[in-house]
Amino acid sequence: MAALTFPLSRAAFFDLLPIRKITLDIPEVVAHSRTRGGEIIASDNGARLWQAEITLGRTLREEFAQVRPLLNLLRGAAGSFMMCDPTRPFPQWDPTGSKLGSAGPVISALPNAREISISGLPANYRLMRDDLIGFTYGTNPQRFALHEVVTPRNANASGALTLLEVNPPLRPGAAVGAAITLIRPVCKAMIVPGSFKPGGFDATLSEGTTFSVIQTLR
């Protein structure tokens with residue numbers, strides 16, 4: 001069997017983790033200064049990337065053995081994997097994905113860096129605030145965009161949904177025609193160096209391993 005290649009698929013790593021707690025955030029990267037007149041001048045100072053703090057739950061040692069070598073492998077400089085938000089796997093209006101069915105939504109327009117239009121949805125399909133959408137863009141490397149919905153929108157009878165505001169802002173390279181993922185959309189991530197803390201072990205159980213991850217566009 002060939003050696004594993006990066007990024008590891010969601011099924012090959014992330015879905016195997018016995019996650020007890022996850023905190024997913026997209027922190028601001030803002031620089032600010034204060035003028036003599038008391039004004040605060042702020043500016044975005046870098047790409048906003050998804051980050052997560054993950055705590056693994058109690059498992060049998062033999063179960064944890066299925067993920068520990070993968071965790072150790074991913075702690076290397078080249079390690080990366082596909083990650084989703086397990087607390088938001090489906091759109092809120094479609095909690096099992098059955099309403100989406102076999103539809104193939106795509107980007108139909110990109111009017112600006114904060115709004116996206118989508119076609120190919122089922123008639124009257126809804127996306128609500130806090131839902132997640134994903135798509136790929138670019139080549140060599142292919143990048144994985146993950147955005148949360150800011151302004152809820154309903155598709156029309158033809159399955160077209162317009163001017164959906166998302167966060168973080170759309171990056172250069174996003175293109176009309178790209179397929180949209182609504183069910184467990186992913187981003188590419190890596191383990192933050194130095195963040196891994198192995199949990200406690202006894203004769204039969206493992207518990208409390210923690211680590212941080214951050215999205216990478218590399």
CG of D202 to CG of L205, rounded to nearest 0.5 Å, is 5.0 Å

If you measure from CG on L49 to CE on M190, what distance do you get to the nearest 0.5 Å? 11.0 Å

Examine distances only and state if a side-chain atom of [X] and a backbone atom of [Y] form a donor-acceptor pair shorter than 3.5 Å.
X	Y	answer
S9	A12	yes
T209	P198	no
R129	V150	yes
K188	R218	yes

Under 3.5 Å, sequence neighbours excluded: what are the donor-acceptor pairs made by side chains of residues 21-31?
none

For the pair F81 and F14, name the ring-plane relationship: parallel under 30°, tilted 30 to 60°, perpendicular over 60°. parallel

Between D131 and R88, does any side-chain N to carboxylate O distance fall below 4.0 Å? no

Show the nearest heavy-atom pair for residues D94 and K99, with the distance to one decimal. OD1-N, 3.0 Å

Please find the pair of heavy atoms, one from H147 and one from P168, that lie closest to each other, and give the distance. ND1-O, 2.7 Å

Would you say the ring centers of F201 and F64 fall short of 6.0 Å from each other? yes

Might you work through the side chain to side chain contact (heavy atoms under 4.5 Å, CB included) test for I54 and I19, ending with a clear yes or no? CA-CA 7 Å; I54 296 175; I19 295 174; 4.1 Å; yes

Would you call [X] and [Y] a side-chain contact if the rule is heavy atoms closer than 4.5 Å?
X	Y	result
L73	F13	no
F6	L4	no
L8	L74	yes

Given side chain to side chain contact (heavy atoms under 4.5 Å, CB included), test L164 with I118 step by step and report yes or no. CA-CA 8 Å; L164 181 76; I118 301 172; 4.2 Å; yes

In this structure, which one of V176, L163, I180 forms a side-chain contact (heavy atoms from CB on, under 4.5 Å) with I116? I180

Show every salt bridge (charged side-chain N to carboxylate O under 4.0 Å, His left out) that has at least one partner inside residues 160-178, sequence neighbours left out. R114-E165

F144 and L146: CA distance, side-chain angles, deciding distance, side chain to side chain contact (heavy atoms under 4.5 Å, CB included) verdict: CA-CA 7 Å; F144 296 81; L146 181 64; over 6 Å; no

Would you say R58 has more than 12 foreign heavy atoms packed within less than 6.0 Å of its CZ? no

